[in-house]
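The structure under discussion appears below in the form of structure tokens.
Chain identifiers are assigned alphabetically (A, B, ...) following the order of the sequence lines, protein sequences preceding nucleic acid strands; residue numbering begins at 1 within each chain.
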Number of protein chains: 2
Amino acid sequence: MAVSVLGHTLLGLLAREPASGLDLTHALQQRIAFFWHARHSQVYPELARLEKDGLVVHTVVPQRDRPDKKVYALTERGRQILLGWLLAPTDPPQIRDEFLVKVTSFWLIEPERAIDLLLDQARQHEERLAMLTGIEGGMQADFQAALADPSAPPFMTYLTLQRGLSYEREYAAWCRWAAEYLRQHQRPDRDAGA
Amino acid sequence: MAVSVLGHTLLGLLAREPASGLDLTHALQQRIAFFWHARHSQVYPELARLEKDGLVVHTVVPQRDRPDKKVYALTERGRQILLGWLLAPTDPPQIRDEFLVKVTSFWLIEPERAIDLLLDQARQHEERLAMLTGIEGGMQADFQAALADPSAPPFMTYLTLQRGLSYEREYAAWCRWAAEYLRQHQRPDRDAGA
DNA sequence: TCCTACATGTAAGGTGTTACATGATTCC
DNA sequence: GGAATCATGTAACACCTTACATGTAGGA
């Protein structure tokens with residue numbers, strides 16, 4: 001009855017409020033989890049597994065205007081499993097970053113090209129930073145009270161949002177630093193002209 | 001003949017110098033790739049695939065004192081594939097971070113416990129930071145000349161090492177900030193006593 | 001009628017981890 | 001003889017992505 005990270009993630013979302021598979025899929029693609037995502041093709045089978053283990057239960061909710069949906073809710077047993085996972089120590093994440101793997105081989109290409117690729121990457125992270133900043137603005141307008149209450153979900157969303165912001169800010173800054181560092185070292189004979 | 005990220009990573013390592021499967025496995029577990037790792041059970045089949053596609057070739061090297069080994073080398077075709085991958089644009093990495101997923105559910109547990117977990121995580125990242133700092137010191141002592149030459153592999157290793165350093169530094173700082181932020185908000189009535 | 005969004009699933013294939021398996025050589 | 005390291009592989013399973021598949025309902 002081992003529960004995967006995805007399983008625990010779904011339990012965590014359901015601890016906030018009951019939701020359908022599609023609701024959870026949307027949450028995993030945008031909102032809450034900037035740090036874990038999954039497609040619906042993973043979510044539906046996982047919910048079935050969790051229900052088989054008695055951690056969630058579903059009820060079919062008829063809707064006018066739309067197809068019926070299955071709304072899942074956390075059981076007491078599910079809540080216990082979730083709490084156990086939260087309190088257990090966690091190993092630091094092992095990073096998988098294709099771009100940084102590429103950079104380790106950039107000695108093979110012209111510095112000018114490497115600089116372009118670094119600046120391109122910087123721009124991508126700055127875009128994400130801007131997107132997260134937008135979300136931050138919305139939160140501060142909409143959840144004033146909850147942001148001061150550590151027992152309300154938005155408080156934690158705010159904490160992880162700050163993590164996302166500083167991650168993207170730091171990544172973009174490194175890209176620009178590395179590009180500049182490369183520029184300064186690319187041609188010793190050009191240094192005087194800079 | 002689609003080549004995976006792991007395949008390209010191996011090509012990148014072989015562009016530096018020919019190596020055996022075990023050499024490459026060691027490199028993927030420690031040295032070069034802080035940003036991608038793999039076990040030998042993935043490396044050996046991947047090398048066979050690369051050879052089948054004509055991107056690498058191996059020669060058996062007999063050794064006294066040890067079992068024989070297969071030393072793989074990059075082919076011209078492999079070099080071309082590698083260069084194409086390096087120059088292609090890269091999507092920003094999608095983060096998978098179990099701890100941050102947990103944090104989004106920390107509103108369920110006592111703030112004191114959440115603070116402990118955040119500080120525990122901070123310590124883990126500070127340990128990794130210390131380890132990387134040690135590597136940095138060794139590099140500066142051993143590769144003085146190469147660190148100024150963008151066409152030498154250590155130059156790029158240095159760039160990515162800086163990325164690792166600032167990533168770990170930033171992560172640890174966020175953990176401590178979040179713990180402190182939680183402490184300040186956990187009990188409005190305790191604020192005066194702090 | 002066609003397209004989009006809602007809603008739920010299954011299937012195939014690639015990637016990654018853990019465990020199993022074998023054998024050589026060196027050191028204790 | 002037994003343990004450790006070097007060296008190379010295979011097998012089973014979990015995880016994840018892409019594509020396939022079906023059906024409802026509303027709007028252009």
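Taking 4.0 Å as the cut-off between side-chain N and carboxylate O, A/R183 and A/E180 count as a salt-bridged pair. Using a 4.0 Å cut-off between charged side-chain N and carboxylate O, B/R176 and B/E126 make a salt bridge.
Toward the 5′ end of DNA chain D lies the nearest nucleotide of B/S41, the other residue of the pair A/L6 and B/S41 mapping further downstream. Where A/R66 and B/K69 each meet DNA chain D at their nearest nucleotide, the meeting point lying more 5' is that of B/K69.
Protein atom CG of B/L22 is 16 Å distant from nucleotide atom P of C/dT25, rounded to whole Å. We find that NE2 of A/H40 is positioned 12 Å from C1' of C/dA11, with the value rounded to whole Å. One can place OH of B/Y44 at 17 Å from P of C/dT22, the figure rounded to the nearest angstrom. As a whole-Å value, the separation of B/E46 CD from C/dT15 C1' is 10 Å. For B/Q63 and C/dT25, the CD to C1' distance is 11 Å, given to the nearest whole Å.
For B/E168 and B/H125, the side-chain atoms include at least one donor-acceptor pair closer than 3.5 Å.
B/M1 is not listed as a side-chain neighbour of B/L50, based on a closest heavy-atom distance of 4.5 Å or more. Residues B/W36 and B/V5 have side chains in contact (heavy-atom distance under 4.5 Å, counting atoms from C-beta outward). A/H26 places a side-chain heavy atom less than 4.5 Å from the side chain of A/L22.
Taking hydrophobic clusters as Ile, Leu, Val, Met, Phe, Trp and Tyr residues chained together by side-chain heavy-atom distances below 4.5 Å, A/V71 does not share a cluster with A/L28.
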Requested in this report: Evaluate the criterion side chain to side chain donor-acceptor pair (under 3.5 Å) for residue pair B/K102 and A/T90; output intermediate values, then yes/no.
Outcome: CA-CA 9 Å; B/K102 283 188 184 182; A/T90 315; 2.8 Å; yes

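Among the atoms of the strands shown, only primed sugar atoms or phosphate atoms (P, OP1, OP2) are found under 4.0 Å from some heavy atom of B/S4. Nucleic acid contact for A/R39: base, since at least one base atom lies under 4.0 Å from a heavy atom of the residue.
Across residues 87-101 of chain B, not one residue has a non-hydrogen atom less than 4.0 Å from an atom of DNA chain C.
The span of DNA chain D lying next to chain B, judged by atoms under 4.0 Å from heavy atoms, is bounded 5' to 3' by D/dC6 to D/dT17.
Between B/Y167 and A/Y167, the ring-plane angle classifies as perpendicular under the 30° and 60° cut-offs.
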